[in-house]
Amino acid sequence: MKSRKVYIQTIGCQMNVYDSGKMMESLVPVNCSPTDSLGEADIIIVNTCAIREKAVQKVHSFIGRLNSLKTKKENLRIIVAGCVAQQEGRALMNRFPHIDVVLGTHTVHRLPDMLEEVDHNGEPVIDIGMSESPVEFDAPKSQLQAQSDTNRFVTIMRGCDNYCTYCVVPYVRGRETSRRPGDILNEIQILTQSGIKEITLLGQNVNSYGIKEGWLTFPELLEMANRVVGLKRIRFVTSHPKDLSDDLIASFQRLDKLCNHIHLPVQSGSNRILEMMNRKYTRERYIEKVEKLRESAPDISITTDIIVGFPGERHEDFDMTLRLMETVRFDNLFVFEYSDSAITPSSRFPDKILQKSKNERLQEVLRLQKHISTEKDRLLVGQVFPILVEGPSKKELKSGALVNSSQKELTGRSSGNRIVNFSLKTDCMLDIDAMKGEIIDIRIDRVFSNSLQGSPVEKDFLKR
Ligand code: 5AD
Ligand code: SF4
């Protein structure tokens, strides 16, 4: 069969980004290659997110628009994967008859077989089966991920057993299952050998890694990754506050490659709402964990998620969230308006909050966080941070200045996960490539809302 071009539209979290990579990887041996152009594609994969109503609407409207492409190109294959596929299954196919394949969150590895089935029979195929076995989400043992990038995601577990009352994940991603330590190590080693310097370990609740299976604990897994030669940095997402152990807190001090950042979703500052959310911790317990983290790693960057307008959230409850933000002083946060989904228990809770109030609360959280971030950011000016260089900055790429100018702007990340741009005097492109994946000391000169601007500390860099 002639070679085919694959366009992947990924909506949602890092887990989907990882799965999209795996899908692409699995199609390469059957004569497929990636494309950035929707019009050029022979296969379109929509990897979907069901976490909030807006994301689901976005998915439906994207799939709807593909119909016109399908009418123009008879052999075009349309594949829908991810959480909406898992949640809606056959109904999705009935609503959009131009879909050829629907595959669920546990059947990503079946994509090449399903595609072959459609090619052979000309009939649409669906598989949204769920399994408890970790085997199905092992990565293909190949070097295909090798690219010039510096960072990659590595999934270490899937699913969630926590059943927060507002969340679809336990229903669409299934039971919490950890991946075998040996397979994780193998993937990290393959990535490192192909030039990756930083990995982000992914799971809905990484803190409970391996507990059910009786394998390594999460801190032990981190220790294993820390020993991989050539790897420079390790990150992870996401942690549930109730499972944040003292051992994990101590890892920030113990492991030299572990980055100084934790994403610790609090969701609300009100004990009444936390209880209704089934979060299994109180605001006091959350604050205690934050204090312990800062004792272990004084400069640790702490970010969070907040939901505003949960059913029954009174002004006093919302106020407790604002007060908690003032106490903790997060480095950054994501805030979401509560969104109903028919499959979650909270959709049946009384006292739904008006859209207008949800939006006002969201704006208020953003305002307060902006104020806190501005105050914290001011203190960064003049400080020196080791930055892992990722490549030319966005500005540099856009302006195309890379080829001509003797002054290049590069971009990288601090251990606390801040984007840092800095200029470097250099004569040729080769220098830029050589810098990728290096960690260099940068002094912060200016602060912008989404990035920091700095300059290399070593004068030698300027002369290079
Ligand atoms: N409504 C609004 N936000 C939600 N999140 C999860 N489910 C919902 C929902 N139903 C948010 C939580 C979670 C983040 C990934 O998405 O804050 O941490
Ligand atoms: Fe959803 Fe709660 Fe599980 Fe996070 S811990 S994925 S919010 S159920």
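Remember, it's 1-based here, ligands and their atoms both numbered in the order they're listed.
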Self-check item: Qualifying residue, where the test is side chain to side chain donor-acceptor pair (under 3.5 Å) with Ser373 and the options are Glu375, His371, Lys370, Gln369
Solution: Gln369
Going by atom type alone, with no hydrogens or angles, which donor-acceptor pairs under 3.5 Å involve a side-chain atom of residues 217-228 and a protein atom two or more places apart or on another chain?
residue, atom, partner, partner atom, Å
Thr217, OG1, Glu220, N, 3.3
Thr217, OG1, Glu220, OE1, 3.3
Glu220, OE1, Thr217, N, 2.9
Glu223, OE1, Arg254, NH2, 3.4
Asn226, OD1, Lys257, N, 3.0
Asn226, ND2, Asp256, OD1, 2.9

Practice problem: Consider only side-chain N and O atoms of Gln267 and Asp305, and report whether a donor and an acceptor are under 3.5 Å apart. | Solution: no
Self-check item: Cationic tip of Arg52 above Phe336 ring, under 6.0 Å, 45° of axis
Solution: yes
Exercise. Report the residues that fulfil ring pair (Phe, Tyr, Trp, His ring centres under 6.0 Å) with Tyr163, sequence neighbours left out, ordered by chain and then residue number.
Key: Tyr171
Practice problem: Check atom 2 (Fe) of ligand 2 and write out every protein N, O or S atom at under 2.8 Å, as residue and atom. | Solution: Cys164 SG
Quiz item: Which residue, Arg152, Lys232, Arg235, forms the side chain to side chain donor-acceptor pair (under 3.5 Å) with Glu198?
Solution: Arg235
Quiz item: Is a side-chain donor-acceptor pair under 3.5 Å present for Ser208 with Asn205?
Solution: yes
Within the protein, flag every N or O under 3.5 Å from an N or O of ligand 1, and note the pair and distance.
residue, atom, partner, partner atom, Å
ligand 1, 1 (N), Ser339, N, 3.0
ligand 1, 5 (N), Arg52, NH1, 3.4
ligand 1, 10 (N), Tyr166, O, 3.0
ligand 1, 10 (N), Ser339, O, 2.9
ligand 1, 16 (O), Arg52, NH1, 2.8
ligand 1, 17 (O), Gln267, OE1, 2.7
ligand 1, 17 (O), Gln267, NE2, 3.4
ligand 1, 18 (O), Gln267, NE2, 2.9
ligand 1, 18 (O), Asp305, OD2, 2.6

Practice problem: Check whether any side-chain N or O of Asp100 sits under 3.5 Å from a backbone N or O of Ile78 as a donor-acceptor pair, and report yes or no. | Solution: yes
Quiz item: Is the cationic atom of Lys58 (NZ for Lys, CZ for Arg) positioned less than 6.0 Å from the six-membered ring centroid of Phe62 and within 45 degrees of its normal?
Solution: no
Practice problem: Please report the C-alpha distance between Phe236 and His263 in whole Å, then the side-chain angles of each, then the deciding distance to 0.1 Å, and finally whether the ring pair (Phe, Tyr, Trp, His ring centres under 6.0 Å) criterion is met. | Solution: CA-CA 8 Å; Phe236 60 85; His263 187 65; over 10 Å; no
Quiz item: In the protein, what heavy atom is nearest to atom 7 (S) of ligand 2, and what distance, to one decimal place, separates them?
Solution: Tyr166 OH, 3.3 Å
